[in-house]
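Everything numeric in this text was worked out from a predicted model, so none of it was measured.
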Amino acid sequence: IGGNRYVADYLFEEVLSRQPGHVVRFLTRTAILDRFTAPLCDAVTETGEATELIDVLERENLFLVALDESRRWFRYHHLFAQALRGQLTAREPELVPVLHRRASEWFRTQGSPEEAIGHALVAGDTDVAAEVMAAHWYSYVNAGRMETVRGWLTALGDDTVRKNPLAAHTAAWVAAL
């Protein structure tokens with residue numbers, strides 16, 4: 001948490017330690033998300049309790065920030081999210097890429113390619129990232145977002161682009177344009 005152990009200690013001693021285990025699991029596992037809604041949380045955690053837990057978190061004022069007036073989309077306070085991600089990495093490091101894969105798949109099915117690609121890249125799933133990119137790069141370029149596509153290609157890395165026909169095809173078109 002930016003080197004501030006006092007804030008981290010407070011969050012763990014005064015906030016997380018007072019929560020039931022299933023709430024702590026929900027918090028740490030959904031902290032990989034920059035923004036979330038109950039169906040996304042259910043997909044990532046593979047539970048069906050997100051709506052209820054989000055309601056509890058909101059009622060208890062647990063560092064939850066609503067992102068829309070209908071209170072469907074949320075995020076955690078940045079320091080809280082960072083602390084939660086640290087806990088997840090320390091306690092269940094093998095689960096981190098799995099959670100990102102689930103998030104990527106959910107965003108992909110919901111028509112949010114940018115977030116699907118981002119989570120696929122964090123998960124190390126370059127084939128999925130390249131596949132989603134290949135399906136959507138042209139609409140991003142047409143919308144004046146060439147730099148976004150270039151960023152995806154950079155994140156994939158030259159070796160992956162060379163080895164993956166979809167990524168290579170996208171890179172060739174981006175270079176030509």
Taking the side chain as every heavy atom from C-beta outward, state whether [X] and [Y] have any pair of such atoms under 4.5 Å apart.
{"X": "Leu57", "Y": "Val23", "answer": "yes"}
{"X": "Leu88", "Y": "Leu99", "answer": "yes"}
{"X": "Arg101", "Y": "Val128", "answer": "no"}
{"X": "Tyr140", "Y": "Met133", "answer": "no"}
{"X": "His22", "Y": "Leu53", "answer": "yes"}
{"X": "Leu27", "Y": "Tyr76", "answer": "yes"}
{"X": "Asn164", "Y": "Thr126", "answer": "no"}
{"X": "Thr47", "Y": "Arg25", "answer": "no"}

Verdict with supporting geometry, Thr109 and Glu105, side-chain contact (heavy atoms from CB on, under 4.5 Å): CA-CA 6 Å; Thr109 62; Glu105 180 58 30; 3.3 Å; yes
Before accepting this row, confirm whether a basic side-chain N of the pair Arg150/Glu147 lies closer than 4.0 Å to the acidic partner's carboxylate O.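 A salt bridge links Arg150 with Glu147.
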Measure the [atom1]-[atom2] distance between [X] and [Y] for me, rounded to the nearest 0.5 Å.
{"X": "Asp68", "Y": "Trp73", "atom1": "CG", "atom2": "CH2", "value": "9.0 Å"}
{"X": "Ser104", "Y": "Asp125", "atom1": "OG", "atom2": "CG", "value": "7.0 Å"}
{"X": "Tyr138", "Y": "Thr170", "atom1": "OH", "atom2": "OG1", "value": "13.0 Å"}
{"X": "Arg102", "Y": "Thr45", "atom1": "CZ", "atom2": "OG1", "value": "8.0 Å"}
{"X": "Leu84", "Y": "Leu33", "atom1": "CG", "atom2": "CG", "value": "11.5 Å"}
{"X": "Leu156", "Y": "Arg162", "atom1": "CG", "atom2": "CZ", "value": "12.5 Å"}

Please answer: with hydrophobic residues joined when any side-chain heavy atoms are less than 4.5 Å apart, are [X] and [Y] in the same cluster?
{"X": "Trp173", "Y": "Leu166", "answer": "no"}
{"X": "Phe63", "Y": "Phe36", "answer": "yes"}
{"X": "Val161", "Y": "Val132", "answer": "yes"}
{"X": "Val122", "Y": "Trp152", "answer": "no"}
{"X": "Val174", "Y": "Leu121", "answer": "yes"}

Residue pair Glu52 / Gly48: nearest heavy atoms and the distance that separates them: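 Where Glu52 meets Gly48 most closely, the heavy atoms are OE1-O, 3.6 Å.
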Side chains of residues 111-120: which donor-acceptor partners sit under 3.5 Å, not counting sequence neighbours?
{"from": "Glu114", "atom 1": "OE1", "to": "Arg145", "atom 2": "NH1", "distance (Å)": "3.1"}
{"from": "Glu114", "atom 1": "OE1", "to": "Arg145", "atom 2": "NH2", "distance (Å)": "2.8"}
{"from": "Glu114", "atom 1": "OE2", "to": "Arg145", "atom 2": "NH2", "distance (Å)": "3.0"}
{"from": "Glu115", "atom 1": "OE1", "to": "Arg35", "atom 2": "NH2", "distance (Å)": "2.9"}
{"from": "Glu115", "atom 1": "OE2", "to": "Arg35", "atom 2": "NE", "distance (Å)": "2.8"}
{"from": "His119", "atom 1": "ND1", "to": "His100", "atom 2": "ND1", "distance (Å)": "2.8"}

Is it the case that more than 12 heavy atoms not belonging to Glu94 sit under 6.0 Å from its CD atom?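 Yes, enclosed.
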Exceeds 12 heavy-atom contacts within 6.0 angstrom, atom CG of Asp158: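 Open: at most 12 neighbouring heavy atoms sit under 6.0 Å from CG of Asp158.
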Within the distance-only criterion (no hydrogens, no angle test), does the side chain of [X] pair as donor or acceptor with the backbone N or O of [Y] below 3.5 angstrom?
{"X": "Arg75", "Y": "Val65", "result": "no"}
{"X": "Thr37", "Y": "Arg72", "result": "yes"}
{"X": "Asp42", "Y": "Glu46", "result": "no"}

In sequence, state the C-alpha distance, the side-chain angles, and the governing distance for Arg71 and Ile54, and then conclude on side-chain contact (heavy atoms from CB on, under 4.5 Å). CA-CA 10 Å; Arg71 304 189 89 64; Ile54 290 171; over 6 Å; no
Pair Arg91-Val24, side-chain contact (heavy atoms from CB on, under 4.5 Å): steps then yes or no: CA-CA 12 Å; Arg91 292 183 178 173; Val24 173; 4.1 Å; yes
Intermediate values then yes/no, side-chain contact (heavy atoms from CB on, under 4.5 Å), Trp137 and Thr148: CA-CA 9 Å; Trp137 72 270; Thr148 299; over 6 Å; no
